There are 2 protein chains.
Amino acid sequence: MGASKIDGFTPAQLHLAEYAHALGHPARIAILQFLAQRRRCLCGDIVNGLPLSQATISQHLKALRQAGLIKGHSDGPSVHYSIDEKIWNRARHALGNLFLHCTPAETQETSAVVVQSQD
Amino acid sequence: MGASKIDGFTPAQLHLAEYAHALGHPARIAILQFLAQRRRCLCGDIVNGLPLSQATISQHLKALRQAGLIKGHSDGPSVHYSIDEKIWNRARHALGNLFLHCTPAETQETSAVVVQSQD
DNA sequence: CTGATAAATCGTATTATTACGATCTAACCA
DNA sequence: TGGTTAGATCGTAATAATACGATTTATCAG
């Protein structure tokens, strides 16, 4: 179909898939890395930094916003974007748990640590 | 377009997006958790365990296989699927690095640990 | 060889995604 | 008020993804 079946999956599985889906495009990865480097930056900075049009960047920003991973703060005519730490950490823990529970025993120790911080 | 622009992104960004994309569907999350529980299981077990048709499951298995996250081993008419530890750990480290470099300082300590194991 | 079973693949309908030019909106300055 | 700038949204074209019935392929049992 193109539309995913939702019923039959747990909320945790749906959230995890939602976070991973938001990360599932190189432009959105690049945007997040861009935001991480500058800690906070204008939409226009991202447009200048990536090989995509302003409209496309805006669309990717919307996708990241809808997943909750970033937030925008209007400042006059421009918008400062930044990573939303709360949801970002939720995604981090959700993915950490996935790797914790799906990674074979021999290599589990290190991925286990990632879910310890409960901030 | 529907087709993503590839040029202008680093191989690391492309790989990361590819792994995340493979994880970006609840059925594929569920399949991986299923494989993790049983350590190795038949395709038919997954079909029985999820609310999707055999054809759809097979399609999701193909997506996970193409991303390298799982591998299949024929056993007679049936196929045993299991997580591919090598690529799985690559994905784990790639995502760990993303969270390491994109997570604000106050909460970085724990996610840093996830990339220490170099198996 | 025949039949049965497991899984992949085909065909196809539906919806989602990606990309970009063009336009709209909001905030600012003169 | 009029012009400028930043960013979002619209419209649209092309392609990917999702789902499933039907069919094919491969393997084993008899």
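Chain letters run A, B, ... following the sequence lines, proteins first and then strands; every chain starts at 1. What you see is a predicted model, and the numbers here were worked out from it, not measured in a lab.
Relative ring orientation between His73(A) and His80(A) is described as parallel, the plane-to-plane angle staying below 30° on a 0-90° scale split at 30° and 60°. Under the 30°/60° scheme for interplanar angles, the aromatic rings of His25(A) and His60(A) are found to be tilted.
Interatomic distance, CG of Asp45(B) versus CD of Gln37(B), reported as 11.5 Å (0.5 Å rounding).
Along DNA chain C, the nucleotide nearest to Pro51(A) and the one nearest to Gly76(A) differ in position, and the one closer to the 5' end is contacted by Pro51(A). Nearest-nucleotide assignment on DNA chain D puts the 5′-proximal partner with Cys43(A), out of Ile6(A) and Cys43(A).
For the pair Tyr81(A) OH and dA6(D) P, the computed distance is 15 Å after rounding to whole Å. Rounded to whole Å, the distance from CG on Leu50(A) to C1' on dC20(C) is 15 Å. Taking atom CD1 of residue Ile46(A) and atom C1' of nucleotide dA6(D), one finds them 13 Å apart after rounding to whole Å. Between the CG atom of Leu42(B) and the P atom of dC28(D) there is a distance of 14 Å, given to the nearest Å. Remark: P of dA17(D) and CG of Leu52(B) are 17 Å apart, rounded to the nearest angstrom. Distance NZ (Lys5(A)) to C1' (dA13(C)): 16 Å, rounded to an integer number of Å. Between the CZ atom of Arg65(B) and the C1' atom of dT9(C) there is a distance of 11 Å, rounded to whole Å. Between the NE2 atom of His73(A) and the P atom of dA8(D) there is a distance of 14 Å, rounded to whole Å.
For Thr56(B) and dA19(D), the shortest distance from a side-chain N or O to OP1 or OP2 is not below 4.0 Å. Close to dC20(C), at under 4.0 Å from its OP1 or OP2, lies no side-chain N or O of His60(A). Taking only side-chain nitrogens and oxygens, His21(A) never comes nearer than 4.0 Å to OP1 or OP2 of dA16(C). When the side-chain nitrogen and oxygen atoms of Lys62(B) are compared with OP1 and OP2 of dA7(C), none of them lie within a distance under 4.0 Å. Taking only side-chain nitrogens and oxygens, His25(A) comes nearer than 4.0 Å to OP1 or OP2 of dA19(C). The shortest distance between the side-chain N/O atoms of Ser53(A) and the OP1/OP2 oxygens of dA19(C) is not below 4.0 Å.
Put simply, the residue from Ile31(B), Asn89(B), Leu32(B) that forms a side chain to side chain contact (heavy atoms under 4.5 Å, CB included) with Ile83(B) is Leu32(B).
Nucleic acid contact class of Ser4(B) (heavy atoms, under 4.0 Å, all strands): sugar-phosphate only. Using a 4.0 Å heavy-atom distance criterion, Ser78(A) is classed as a sugar-phosphate-only contact. Residue Ala55(B) is in base contact, counting any heavy-atom pair closer than 4.0 Å across all strands shown. Residue contacts for Ile57(B): at a heavy-atom cut-off of 4.0 Å it reaches no nucleic acid atom on any strand shown.
A donor-acceptor contact under 3.5 angstrom links the side chains of Gln13(B) and Gln33(A), judged on distance only.
Counting distance only, with no hydrogens placed and no angle test, the side-chain atoms of Gln54(B) and the base atoms of dA6(C) include no donor-acceptor pair under 3.5 Å. Contact annotation: side chain of Gln59(A) to base of dC10(D), donor-acceptor pair absent below 3.5 Å.
Ile29(B) has its side chain within reach of Leu16(A): a pair of non-hydrogen atoms, C-beta onward, lies under 4.5 Å apart.
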